[in-house]
There are 2 protein chains.
Amino acid sequence: MEDLATAIGQTEVPARRRDRVARAQTIISAAKEILSESGFDGFGINSIARRAGCDKQLIYRYFEGLEGLAEVIGTEIADELSAELETFSRKEAPKSYGDWVEPLAIGLLNLFRSNLIIQKITAWELASPSRLTRIMAEARAKRMNAWMVSLRGEMKHPEGLDVGALNAIIIGAVQHLAISATAFGSQAGLSLATDADWLRVEAALRHFVRSA
Amino acid sequence: MEDLATAIGQTEVPARRRDRVARAQTIISAAKEILSESGFDGFGINSIARRAGCDKQLIYRYFEGLEGLAEVIGTEIADELSAELETFSRKEAPKSYGDWVEPLAIGLLNLFRSNLIIQKITAWELASPSRLTRIMAEARAKRMNAWMVSLRGEMKHPEGLDVGALNAIIIGAVQHLAISATAFGSQAGLSLATDADWLRVEAALRHFVRSA
DNA sequence: CAAAAATATCACCGGGCGGTGACTTTTTCT
DNA sequence: AGAAAAAGTCACCGCCCGGTGATATTTTTG
């Protein structure tokens, strides 16, 4: 990279031994790792700095403290989330509530299953809401809600169906199952370890939403 | 009370200024309060002793530390839970899956809604499992599972219904909604503050399980 | 090259935590 | 009554936390 710059003849950019953006990224990565592993328990100035291999002072300088760092991570997560949501939102005009909500439910399920950080943020905001959890969850929740209403706007609701309540139930179940699976490997006596287990869940979910 | 004892002529039981069991109960109550309010965040030796108005040493002496205290509280909670579960388990032989699971779902929903401690224990075990959370959740989970299988044994399952998966979904949803309601007052855009809100949830839940 | 600014590190503070030993006061036993 | 045991209090320890000022090192600028 630097070779390119000098070759072009720009103001030389010597391979800096001190690179702020790289450092900042290291810190962000360390914080994300900790968050995935231990949640907000280990999400502290000392712990993050230790894992990033730098002094905690840098976190204050680069991000103006933990809250700033949380904001950065929150928006990063939200961006990744937005991208993922797009991938399973475009189906043709749904014909029924089941048609509409089934891919939504399955998509969310897999999204939550595969994203440990979102699991931790969700779980911690339920167990121990704080400034930090709220900062992180805010951007994410905003995008998810926007996405949902955008989907909802596309279809007409059947008469007599309380779509808001039904969705809250479905989404709640999906979140709970995903979180419980990584925490215990099971939920309410149902093992949630193998792919076969999850296929059962998917089938049951489909059954629920289609028969509604 | 003491008057009665002396009147009868028993070995006099002077109104003790130091009463171990009363003290112990004070400590347990204090711990439960803290648990309801702050979860396992504030569930520490110092904090509990402060709230109970006594020295933390007593917690070590009476309960052999935090873990012992957690065990006592866990079994207390489990006992209360067992009693409550009995109250809505006895319906006549159910004729369908919906018949069987509807009162179960609604009962669990109201039980979780009204029991802050169980909410906190559940939420914390998902967010930050530890020795303490596990100790507390163990007795409770054991009784709940026993109760569920006892119910399950009473009915024959319709063919093609994955009862285990369906139940896991329903129970997960119920738990998540209750916890989310006390934490935010809403879930997935659905307000969960007023009784009317919860009636919507109950109706939607009934709709789900009946149509399954 | 030297001065200035950015970058990074270190040492230290107060405070809360869990945990423990030594102590005083009360109750019970003989 | 006096001794032993139980109940309760106090002071202290080491540890890790978040936070901050002073300092060392590197990079950029003039």
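Chain identifiers are assigned alphabetically (A, B, ...) following the order of the sequence lines, protein sequences preceding nucleic acid strands; residue numbering begins at 1 within each chain. Computed from a prediction, not measured in an experiment: that's the story for all the values here.
A straight line from CZ of B:Arg20 to C1' of D:dT9 spans 16 Å, rounded to a whole angstrom. Distance, B:Asp55 CG to C:dC23 P: 16 Å, rounded to whole Å. As a whole-Å value, the separation of B:Glu64 CD from C:dG19 C1' is 15 Å. Rounded to whole Å, atom P of C:dC10 lies 17 Å from atom OH of A:Tyr60. Distance B:Asp41 CG to D:dC17 C1': 14 Å, rounded to the nearest Å. Put simply, CD1 on A:Ile45 is 20 Å from P on C:dG14, counting in whole angstrom units. One interatomic measurement links the two molecules: CD of B:Gln57 to P of D:dC12, which rounds to 16 Å at whole-angstrom precision. In this structure, CZ of A:Arg51 is placed 13 Å from P of D:dC17, rounded to the nearest angstrom.
Residue B:Arg50 has its side chain nearest to C:dC17 when only C:dC17, D:dG8, C:dT20 are considered. Side-chain atoms of B:Lys56 lie closest to C:dG18 of the nucleotides D:dG18, C:dG18, D:dA6.
Positionally, the nearest nucleotide of DNA chain D for A:Phe43 lies more toward the 5' end than for the other of A:Arg61 and A:Phe43.
With rounding to the nearest 0.5 Å, the separation of CG in B:Asp55 from CG in B:Asn46 is 9.5 Å. With values rounded to the nearest 0.5 angstrom, B:Arg131 atom CZ is found 11.5 Å from B:Leu66 atom CG. Here CG of B:Leu111 is found 11.5 Å from CZ of B:Arg113. Values are rounded to the nearest 0.5 Å.
Note on A:Arg23: a side-chain N or O is less than 4.0 Å away from OP1 or OP2 of C:dT9.
Counting distance only, with no hydrogens placed and no angle test, the side-chain atoms of A:Asn46 and the base atoms of D:dG18 include a donor-acceptor pair under 3.5 Å.
Ion pairing of B:Arg134 with B:Glu138 is absent here, as no side-chain N (NZ or NE/NH1/NH2) approaches a carboxylate O to less than 4.0 Å.
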